[in-house]
Structure formats: structure tokens, C-alpha cells
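First up is the structure itself, then whatever we jot down about it.
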Amino acid sequence: MSAQEPANTFKRELLSILPSLRAFAISLVGRHHEADDLVQDTIMKAWAKQDQFEMGTNMKAWLFTILRNELYSKLRKRGREVQDSDGLLTANLAQHPAQYGKLDMQDFQRALEQLPDEQREAIILVGASGFSYEEAAEISGCALGTIKSRVNRARQKLQEILQITNEGEFGPDAVSAPLTSRAFMT
Amino acid sequence: MTTEGVDGQIAHRLRSFYLSVQEEPIPEKFLELLEKLDLAEQRGKSTTEQDGDMQLGSQDR
């Protein structure tokens with residue numbers, strides 16, 4: 001154990017976690033400039049607080065915690081005007097169509113966006129980021145049982161959504177059909 | 001296996017979605033940001049006596 005530049009170790013470790021941190025951000029808010037802002041804010045926060053981090057402990061969990069806290073405080077400040085997840089999504093898809101190779105991915109992200117925030121977070125942490133339920137509970141600042149039930153509900157909801165979109169095929173018709181029939185009545 | 005509670009198909013799609021993002025190269029700007037932070041810190045250490053004319057990002061004209 002050499003007394004190397006601790007900042008370098010910190011930076012190296014942070015760098016190695018960055019791809020996963022970014023995937024977390026994008027899974028949470030969509031492929032959106034907001035995801036990049038989140039990652040950037042997280043890097044700066046983490047850097048400023050690096051003295052508080054104990055080397056050898058779980059930096060990934062630490063960074064993820066910073067990111068999600070950052071996100072929720074932003075959302076709170078904004079008074080939840082972002083509930084318009086459809087609007088967000090259209091923006092995402094319009095902005096980066098080329099990055100979506102597979103329709104499957106689009107469907108999935110769309111489904112993900114329909115979940116309540118806490119459920120989305122829970123299923124990503126446990127199902128994709130590779131955290132245990134215990135770690136996820138710690139990151140989200142809630143009880144173990146809460147995380148478990150959030151993951152379960154998220155999974156059920158995803159299943160429902162994905163089934164519906166597969167069968168329906170033309171989602172918007174559900175909306176436009178009543179309008180059309182009304183038009184015919186006049 | 002982390003599949004306790006997270007079902008097969010959904011879990012699989014979630015993971016492949018996440019992995020596809022994770023495998024993308026890290027955007028330049030994040031690497032640059034880290035470089036900047038690192039540099040600022042090193043300079044801060046070696047020039048504690050001088051007054052800080054190193055600013056991160058903010059320049060008013």
C-alpha cells in the first residue's frame with residue numbers, strides 16, 4: 001500500500017464507474033440532456049465531497065446515492081412539473097433516433113418511463129445495476145421490505161405495460177378513435 | 001443470480017437495455033471535466049500561497 005496520490009485513485013475509480021452511473025441516469029430520466037446534467041452534477045458533488053468517502057468502501061453505491069439524491073432534489077425544486085413523461089419521451093426519441101438500434105429497446109424504455117419514480121429506481125438498482133436489495137435500500141434511503149415490494153410492483157407493471165403495447169400495436173388509436181367517432185356525429 | 005423476485009423476461013430486457021447504454025463510450029465532456037477538476041486540485045495544492053486566479057468555468061468577459 002503506497003501513499004499514492006489519493007486523488008488519482010479516486011479519479012480512477014470514479015472513471016471506472018462512470019459508464020454504469022451514466023446508464024443509471026439514462027434509465028431514470030431517459031436519454032435526455034437531463035441525464036447528462038445529472039451525471040455532471042454528480043461528478044462535481046462527488047469530487048467536492050471526496051474527503052468524506054472512505055476508500056475501499058463501495059464507491060459505486062456512494063455515487064449512485066449522490067445521483068439519485070441530486071435527481072430528487074431537482075424534481076422537488078421543480079415541483080414535479082415533469083410528470084409529463086410522454087412529452088419527455090417524444091423529445092428523447094426525436095432527439096436521438098439513430099441511437100436506438102432496436103425497436104425493442106424503445107418499447108422497453110417507454111415502459112420504464114411509465115413506472116412511478118421509486119419503482120423505476122428500485123428495479124433498475126436491483127435488476128440492472130447489480131446491487132443487492134440491502135444496498136438498494138440504503139441507496140434509496142428506505143427499508144428493505146419497501147425495496148422488495150417496489151421491485152415486485154415494478155416488475156408486474158412492466159409486464160402489464162409490455163403486454164398491452166404488444167397487443168395494441170397502435171397505441172394512439174385508443175386516443176384518436178373516440179375523437180374520430182365524435183367527429184362523425186356532428 | 002439477482003433474479004429473486006425479478007422475473008426472467010423483464011429482467012433480461014432491463015439488463016440488456018442497461019448494458020447497451022453502459023457499453024457506450026464515456027462522453028468526452030465528462031473526461032474533460034474530470035481532468036479539469038484534477039488539474040485545479042493539483043494546482044490548488046502547489047500554489048496555496050498565490051491568490052487564486054484559477055477559475056473553473058466561470059469567466060465574465
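A note on names: the letters A, B, ... follow the listed sequences, proteins ahead of strands, and every chain is numbered from 1.
- Counting heavy-atom pairs under 4.5 Å between each of B:Leu31, B:Leu34, B:Leu19 and chain A puts B:Leu34 at the top.
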Item to check | Chi angles and distances behind the side-chain contact (heavy atoms from CB on, under 4.5 Å) call for B:Gln9, A:Gln159 | outcome: CA-CA 9 Å; B:Gln9 219 217 18; A:Gln159 229 147 24; 5.8 Å; no
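- Atom CD of A:Gln156 sits about 10.5 Å away from atom CD1 of B:Ile10, to the nearest 0.5 Å.
- In this structure, the separation between CD on A:Gln109 and CZ on B:Phe17 is 4.0 Å, given to the nearest 0.5 Å.
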Checklist entry - Can you check side-chain contact (heavy atoms from CB on, under 4.5 Å) on B:Arg13 and A:Leu158, steps first, answer last? => result CA-CA 11 Å; B:Arg13 289 182 74 176; A:Leu158 281 176; over 6 Å; no
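- A distance of 4.5 Å separates CD in B:Glu24 from CZ in A:Arg22, rounded to the nearest 0.5 Å.
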Next on the checklist: Apply side-chain contact (heavy atoms from CB on, under 4.5 Å) to residues B:Glu41 and A:Gln50 and explain how you reach the verdict.
Outcome noted: CA-CA 12 Å; B:Glu41 189 176 87; A:Gln50 59 179 294; 3.2 Å; yes
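- In this structure, A:Gln40 places its CD atom where more than 12 heavy-atom neighbours from other residues, nucleotides or ligands lie under 6.0 Å away.
- Distance CH2/A:Trp47 to NZ/B:Lys36: 13.0 Å, rounded to 0.5 Å.
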Next on the checklist: Apply side-chain contact (heavy atoms from CB on, under 4.5 Å) to residues B:Phe30 and A:Asp36 and explain how you reach the verdict.
Outcome noted: CA-CA 9 Å; B:Phe30 295 141; A:Asp36 276 359; 3.8 Å; yes
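- Under a 3.5 Å cut-off, the side chain of B:Arg15 and the backbone N or O of A:Gly127 do form a donor-acceptor pair.
- Distance check, rounded to the nearest 0.5 Å: OG of A:Ser27 to CD of B:Gln22 gives 9.5 Å.
- For residues 55-71 of chain A, the side-chain hydrogen bond (donor to acceptor under 3.5 Å, both in side chains) pairs, not counting sequence neighbours, are A:Lys45-A:Glu70, A:Asn58-A:Glu135, A:Arg68-A:Glu121.
- By the side chain to side chain donor-acceptor pair (under 3.5 Å) test, A:Glu118 is found to be paired with no residue, residues two or more places apart in sequence or in another chain being considered.
- Between B:Ser16 and A:Phe108 there is no side-chain heavy-atom pair separated by less than 4.5 Å.
- Interface residue A:Leu15: backbone and side-chain heavy atoms are both found under 4.5 Å from chain B.
- Counting all heavy atoms, side chain and backbone alike, A:Ala128 lies closest to B:Leu14 at CB-CG, 3.9 Å.
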